[in-house]
Q: 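Structure incoming, see below.
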There are 2 protein chains.
Amino acid sequence: MKTREKIILSSLELFNERGERNVTTNHIAAHLAISPGNLYYHFRNKSDIIYEIFLEYEKLVDYYLDIPQDRSLTLEDLTFYLESVFDGLWSYRFFHRDLEYLLDSDPRLRKDYREFTNRCLAAISQIFEKMSEAGIIEPQPEELRSAMSLNVWLVITNWMAFLKTAHAADEPASLSLTELKQGIYQVLTLEIPYLTPAYRERVMELRERYRPSLPEPSGAVV
Amino acid sequence: MKTREKIILSSLELFNERGERNVTTNHIAAHLAISPGNLYYHFRNKSDIIYEIFLEYEKLVDYYLDIPQDRSLTLEDLTFYLESVFDGLWSYRFFHRDLEYLLDSDPRLRKDYREFTNRCLAAISQIFEKMSEAGIIEPQPEELRSAMSLNVWLVITNWMAFLKTAHAADEPASLSLTELKQGIYQVLTLEIPYLTPAYRERVMELRERYRPSLPEPSGAVV
DNA sequence: GTATTATTAGAGTATATACTCTAGGCAGTC
DNA sequence: GACTGCCTAGAGTATATACTCTAATAATAC
């Protein structure tokens, strides 16, 4: 593997594990057993590494959220979208953690991320539309659909932060993909009241599959 | 005003403006025109300042979310809760921005914040319960109510990050309390399907008051 | 083989950051 | 007026961090 690629992979790994703020370029070089000079031969600065990682993340999610226009959606499609999005969140989980700082330090990233968000929101809205076409949920006025899509986005992008901060374990790193996917349970909760009678039961079963196992982080009230 | 108190106020101000990560103890001292030594006479370290600020934040929100047990809730109560919570978020807006890092660097804060989250979730759930008692929303099973409460929490705590990252303006600081309160619109969106016929119209009017003015940040799809 | 280009090592640097240390001022009190 | 306790100044420090520079090595082209 090329050094450049190795740098990206290692950076992602370290960022995910320890948080971008806690990972220096020297750490990355040390982790790869290469010299700092070598790292800076391949990347002008830390921001550039992060930007490259973002481009990969963006590509992945755009790929997942490519909604077929020639056919209607099935429940399997919905499951795929949800699973994929949370897989993506997991693989690039450092990103949302320090998002604001990252966008403040790189105007390029800020612009791209803003457009990325808008694409995601449009995709979510489109999924809702096609779900109502498919008779899974009741049709909703445009305005409501777009507000709902935004809520879905907020729940998805904030679910990990919630887990990490509300988690009972004291070790911050102890977070699994399984727990992350309980976010799907939360997203499906948003859709419950809009389900058609024809699909209600099947979606509720789907949702049940992601129910947090006890002790659930949200339930335990002190 | 005592120096100690001035340090807390100035720190909060600077943290909110520039983000905790971009504000050093030296900045704080300089901003107050006191010496670093003086600052460290009053606080052992930066974490201690942040912890004190959190205690104030916690106290404020706990005060806002003190649900009266001897009477039922009105729409005015609901409005008050929503307005207050977003006021609180605004006043301590630096906090959620760097939350994960802050909790990782201070176990005391991690523990307290976890309990704080649980209290908030319990309060939201209680508000839902009392709203159904008051005939504002239809009663829901415990399980659904708790999942909904969590979604409300996720939307509330992530709304500001969304604004800051999806905002069209390039200046990161250009965010107003008014925009922040459009989060109320999003929260009320969550409740729409559960409204009773008796209250539906009034709540929809309330929601309308917080509708984002065009160009709305979420709507403009690229 | 030789010239050229791409890659790498590793020491080094300017700056920043959290925090320390010592000396001293000032207000009250006897 | 000197003692005491609280507060403050400001120079200083150890460490970290992002990044640079030079020289050497490996790969490739001719």
Side-chain angles (χ1 to χ4, degrees), chain A residues 1-54 94-95 97-110, chain B residues 1-54 94-95 97-110:
Chain A
M1 197 189 305
K2 295 269 187 189
T3 302
R4 187 186 159 82
E5 209 175 332
K6 280 199 276 185
I7 292 172
I8 292 179
L9 278 180
S10 267
S11 301
L12 177 57
E13 188 188 332
L14 291 175
F15 289 160
N16 279 340
E17 258 173 33
R18 306 183 203 165
E20 176 271 340
R21 188 171 178 174
N22 298 318
V23 176
T24 73
T25 49
N26 291 347
H27 287 144
I28 298 166
H31 185 254
L32 280 170
I34 65 173
S35 63
N38 195 355
L39 187 146
Y40 279 90
Y41 171 77
H42 290 282
F43 291 93
R44 271 178 38 244
N45 52 41
K46 197 180 170 185
S47 262
D48 275 8
I49 302 177
I50 292 163
Y51 185 66
E52 289 278 313
I53 295 178
F54 166 72
F94 87 95
F95 190 70
R97 172 174 168 160
D98 285 302
L99 187 55
E100 287 188 50
Y101 175 83
L102 297 177
L103 299 197
D104 280 352
S105 359
D106 188 347
R108 204 178 28 163
L109 188 60
R110 168 172 290 278
Chain B
M1 198 190 303
K2 295 271 188 187
T3 302
R4 186 187 160 83
E5 208 176 332
K6 281 199 275 187
I7 293 172
I8 292 178
L9 279 179
S10 267
S11 301
L12 177 57
E13 189 189 331
L14 292 175
F15 288 160
N16 278 340
E17 260 173 31
R18 306 183 204 166
E20 177 272 340
R21 185 170 179 175
N22 299 317
V23 176
T24 73
T25 50
N26 291 348
H27 288 144
I28 298 167
H31 185 254
L32 280 170
I34 65 173
S35 64
N38 195 355
L39 188 146
Y40 279 90
Y41 171 78
H42 291 283
F43 291 93
R44 273 177 37 244
N45 51 42
K46 197 179 171 186
S47 262
D48 274 9
I49 302 177
I50 292 164
Y51 185 67
E52 290 276 312
I53 295 178
F54 165 72
F94 86 94
F95 190 69
R97 173 175 169 160
D98 286 302
L99 188 56
E100 288 189 49
Y101 175 82
L102 297 178
L103 299 197
D104 279 352
S105 355
D106 188 346
R108 203 176 30 164
L109 188 60
R110 168 171 290 278

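Both backbone and side-chain heavy atoms feed into the values below; hydrogens, waters and symmetry mates do not. Below, read A as the first sequence line, B as the second, and so on, with proteins coming before strands; counting in each chain starts at 1.
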Q: Over 60° means perpendicular and under 30° means parallel, so tell me whether B:Phe94 and B:Phe15 are parallel, tilted or perpendicular.
A: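 Plane angle between 30° and 60°, so tilted.
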Q: Enumerate the residues from residues 32-40 of chain B whose closest heavy atom to DNA chain C is under 4.0 Å, giving them by residue number; use none for an empty result.
A: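 Those residues whose heavy atoms fall under 4.0 Å from DNA chain C, taken from residues 32-40 of chain B in numerical order, are B:Pro36, B:Gly37, B:Tyr40.
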Q: Looking at every heavy atom in both A:Ser11 and A:Ile49, which two are closest together, and how far apart are they?
A: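 Of all heavy-atom pairs spanning A:Ser11 and A:Ile49, the closest is OG-CG2, 3.5 Å.
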Q: Could you state the NZ-C1' distance from B:Lys2 to D:dT8, rounded to the nearest angstrom?
A: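 About 14 Å, once rounded to whole Å.
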Q: So, taking the atom named CZ in B:Arg110 and the one named CG in B:Leu102, what distance separates them when rounded to the nearest 0.5 Å?
A: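 Separation between the atoms: 10.5 Å.
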Q: As a quick check of understanding, evaluate side chain to side chain contact (heavy atoms under 4.5 Å, CB included) for A:Tyr101 and A:Ser105, giving each step before the final call.
A: CA-CA 6 Å; A:Tyr101 175 83; A:Ser105 359; 3.6 Å; yes
Q: To check you understand the geometry: which heavy-atom pair defines the closest contact between B:Asp98 and B:Gly19, and what is its length?
A: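 Smallest interatomic distance, heavy atoms only, reads OD2-C, 4.4 Å.
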Q: For side chain to side chain contact (heavy atoms under 4.5 Å, CB included), just list the numbers for A:Asp48 and A:Asn45, CA-CA rounded to whole Å, side-chain angles, deciding distance to a tenth of an Å, and then say yes or no.
A: CA-CA 6 Å; A:Asp48 275 8; A:Asn45 52 41; 3.5 Å; yes
Q: Heavy-atom contacts under 4.0 Å between residues 44-53 of chain B and DNA chain D, which residues?
A: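 The answer is none.
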Q: Rounding to 10°, can you tell me the angle the first-five-pair axis of the helix from C:dG1-D:dC30 to C:dC30-D:dG1 makes with its last-five-pair axis?
A: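 Between the first-five-pair axis and the last-five-pair axis there is 10°.
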Q: Grab the N/O contacts between the protein and nucleotides 4-6 of chain C below 3.5 Å, and write none if there aren't any.
A:
none

Q: Tell me whether the OP1 or OP2 atom of C:dT8 has a side-chain N or O from A:Thr3 closer than 4.0 Å.
A: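 Looking at the OP1 and OP2 atoms of C:dT8, one of them is under 4.0 Å from a side-chain N or O of A:Thr3.
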Q: I'd like to check the salt bridge (charged side-chain N to carboxylate O under 4.0 Å, His left out) partners of A:Asp106; sequence neighbours left out, ordered by chain and number.
A: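 Here the qualifying residues are A:Arg108.
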Q: What integer distance in Å separates A:Phe43:CZ from C:dT8:C1'?
A: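 Between C1' of C:dT8 and CZ of A:Phe43: 15 Å.
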Q: Would you say the side-chain atoms of B:His31 pair up with the backbone N or O of B:Ile28, donor to acceptor, closer than 3.5 Å?
A: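 No, B:His31 side chain to B:Ile28 backbone: no donor-acceptor pair under 3.5 Å.
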Q: Report the C-alpha separation of A:Phe95 and A:Ile53 in whole Å, then their side-chain angles, then the decisive distance to 0.1 Å, and conclude whether the side chain to side chain contact (heavy atoms under 4.5 Å, CB included) test is met.
A: CA-CA 9 Å; A:Phe95 190 70; A:Ile53 295 178; over 6 Å; no
Q: Output yes when A:Arg97 and B:Asp104 qualify as a salt bridge under the 4.0 Å nitrogen-oxygen rule, no when they do not.
A: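 Looking at A:Arg97 and B:Asp104, the cut-off is met.
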Q: List the steps, then state whether side chain to side chain contact (heavy atoms under 4.5 Å, CB included) holds for B:Arg4 with B:Phe43.
A: CA-CA 8 Å; B:Arg4 186 187 160 83; B:Phe43 291 93; 3.7 Å; yes
Q: Give the residues of residues 19-29 of chain A touching DNA chain D, defined as any heavy atom closer than 4.0 Å, sorted by residue number.
A: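 When residues 19-29 of chain A is checked for heavy atoms under 4.0 Å from DNA chain D, the hits, listed by number, are A:Thr24, A:Thr25, A:Asn26.
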Q: To the closest 0.5 Å, what do you measure between CD1 (B:Ile8) and OG1 (B:Thr3)?
A: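 Going from CD1 on B:Ile8 over to OG1 on B:Thr3, the span is 11.5 Å.
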Q: Once rounded to the nearest 0.5 Å, what's the spacing between atom NZ of B:Lys2 and atom NE2 of B:His42?
A: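 Rounded to the nearest 0.5 Å, the NZ-NE2 separation comes to 9.0 Å.
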Q: For D:dC6, does either OP1 or OP2 sit under 4.0 Å from a side-chain N or O belonging to B:His42?
A: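 No, outside the criterion.
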Q: Supply the atom-to-atom distance A:Tyr41 OH to A:Ile34 CD1, rounded to the nearest 0.5 angstrom.
A: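 Here the interatomic distance stands at 12.5 Å.
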Q: I'd like to know if the side chain of A:Arg18 reaches the main chain of A:Val23, judged simply by a donor and an acceptor atom lying under 3.5 Å from each other, with no hydrogens or angles considered.
A: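 Pair absent, no side-chain N/O of A:Arg18 close to backbone of A:Val23.
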